[in-house]
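Worth knowing before you read on, the calculation uses all heavy atoms, side chains too, and leaves out hydrogens, waters and symmetry mates. If you're wondering where the values come from, they're calculated on a predicted model, not measured in any experiment. Naming: A, B, ... by sequence-line order, numbering from 1 per chain.
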2 protein chains.
Amino acid sequence: MAEREAGPRPGGRSARVQASVHRAVRALLARMDRAEVTIPLVAAEAGVTPSTIYRRWGELNELLADVAVERLRPDMVPVETGSGRGDLLAWAEQYAEEMSSGLGREMIRDVLAAEGAAGPRRCCCYARQQIAVIADRAATRGEAFPDLDAVLDGVIAPILFRILFDEALGGERVGVLVEGVFAGFGRRA
Amino acid sequence: MAEREAGPRPGGRSARVQASVHRAVRALLARMDRAEVTIPLVAAEAGVTPSTIYRRWGELNELLADVAVERLRPDMVPVETGSGRGDLLAWAEQYAEEMSSGLGREMIRDVLAAEGAAGPRRCCCYARQQIAVIADRAATRGEAFPDLDAVLDGVIAPILFRILFDEALGGERVGVLVEGVFAGFGRRA
DNA sequence: GTGCTAAAAGCAAATTCTTTGCGTTTGGAG
DNA sequence: CTCCAAACGCAAAGAATTTGCTTTTAGCAC
């Protein structure tokens, strides 16, 4: 946890530019189609020159991915329901809903479209961390809770797979996935 | 199944142009980095003018996605091993390996990066069809075989999720996934 | 076959985006 | 305070994208 975001020391000029560019991207994304957003537009909105953005991010995809990863970072701890299973179900349902929205889907695609695997990895980490919180709480209560990877494969993976490749899963289907993971416990290496 | 690919009547000029553009894309992709491929380059390689490509595909992403979907179409029936479980395992292992390769991963990302959900849907259909073949064979033999969606969620989804967001799964892990799907039978609605 | 038509391709100019060299500003370190 | 390296602005050069117009082509009716 040495790095914060993609920016250097906080407070410097560099950080201010990054912040205003990110803000500009969010503003543009809110009022126009993603296909119409261009770097010169973002630059104008942010009050910087295009070359600044080109030098820092290289291309639009990288910038959009950068912004998307930041927006995908969870901003609250999973709600507590009394049981690990309940926590996971509640969290997974909310996760599925957020990611299924038009904006959510676009952000995932932006993250995947960027070069390198850093962005996707970080998104994976976000989910993993949230689940770890739930798992820790369950352990504290003395409950059994499935392996982290089992949850990733059994719940997160299908949710994202359906959003990306097929049709978003409804809440009941998410519930079935959670049940499945809890039913299939000790089978994993 | 009224449409063939993305092209109009076969044999026309339109189809010839599409074929040569696709060929050009594959040729360029084979000898340079994807980031260096541009529409003017493809046009030159294909012997057409850039505006032809712009009018037909709009942007590079769409063209790359178009080519990628075609390349992702399975070109053979799943190998027969004697049991549904064996068939599925063999097929899933090969699928995971193909998709994990640098080229495979790039093609998936290209498909996802394009506008609209048609490309990803088609990829999903390809996998579904292949699994359906295996399931049908199993049914003919009188074997029990898990639900198609269970296989998609339990095997395909984790494979693709790991490739896209984390680290590709090894063959053993694929085997575990297949086992899991067979172990978790009638639980699904 | 001949001529007609609509769809698609070519061409080229206009526009917009991207890259790059160079000078200036800025925040931090000595 | 002074210096330095990193980052930014500016502007010109280079590429890509869009677009109006013309030409070609394949299919169809006669």
Can you see if the side chain of [X] gets near the phosphate of [N] - specifically, an N or O under 4.0 Å from OP1 or OP2?
{"X": "A:Arg16", "N": "C:dG27", "value": "yes"}
{"X": "A:Thr52", "N": "D:dC8", "value": "no"}
{"X": "B:Arg56", "N": "C:dA9", "value": "yes"}

Exercise for the section: Please check if the side chain of A:Glu115 supplies one atom and the backbone of A:Glu62 the other of a donor-acceptor pair under 3.5 Å. Expected result: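 Side chain of A:Glu115 to backbone of A:Glu62: no pair is present.
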Problem - Heavy-atom donor-acceptor pair, A:Asn61 side chain to A:Ala114 backbone, under 3.5 Å - result: no
How many whole angstroms separate atom [atom1] of [X] from atom [atom2] of [N]?
{"X": "B:Arg55", "N": "D:dT19", "atom1": "CZ", "atom2": "P", "result": "9 Å"}
{"X": "A:Leu41", "N": "C:dC17", "atom1": "CG", "atom2": "P", "result": "7 Å"}
{"X": "B:Asn61", "N": "D:dA16", "atom1": "CG", "atom2": "C1'", "result": "15 Å"}
{"X": "A:Gln18", "N": "C:dG27", "atom1": "CD", "atom2": "C1'", "result": "17 Å"}
{"X": "B:Ile39", "N": "D:dT18", "atom1": "CD1", "atom2": "C1'", "result": "11 Å"}
{"X": "B:Trp57", "N": "C:dA8", "atom1": "CH2", "atom2": "P", "result": "12 Å"}
{"X": "A:Glu59", "N": "D:dA15", "atom1": "CD", "atom2": "P", "result": "18 Å"}

Handout entry: Quiz item: B:Ser51 side-chain donor-acceptor pair to C:dC11 base, under 3.5 Å
Key = yes
Handout entry: hbond_proxy A:Arg13 side chain to D:dG9 base (donor-acceptor, 3.5 Å cutoff)
Key = no
Fill in the blank from the handout: Numerically ordered, the residues 21-38 of chain B set in heavy-atom contact under 4.0 Å with DNA chain D is B:Thr38
[atom2] on [Y] to [atom1] on [X], rounded to 0.5 Å:
{"X": "B:Arg173", "Y": "B:Glu167", "atom1": "CZ", "atom2": "CD", "result": "11.0 Å"}
{"X": "B:Trp91", "Y": "B:Ile156", "atom1": "CH2", "atom2": "CD1", "result": "3.5 Å"}
{"X": "B:Leu29", "Y": "B:Leu64", "atom1": "CG", "atom2": "CG", "result": "6.5 Å"}

Exercise for the section: May I have all residue pairs that pass side-chain hydrogen bond (donor to acceptor under 3.5 Å, both in side chains) and include part of residues 32-45 of chain A, sequence neighbours excluded? Expected result: A:Arg31-A:Glu45, A:Arg34-A:Asp110
Practice task
Looking only at side-chain atoms of B:Ser14, point me to the closest of C:dG10, C:dA9, D:dG9.
Solution key: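 My answer, after comparing the listed nucleotides, is C:dA9.
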Problem - Residues A:Arg56 and A:Asp66 bridged, charged N to O under 4.0 Å - result: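 Salt bridge absent between A:Arg56 and A:Asp66.
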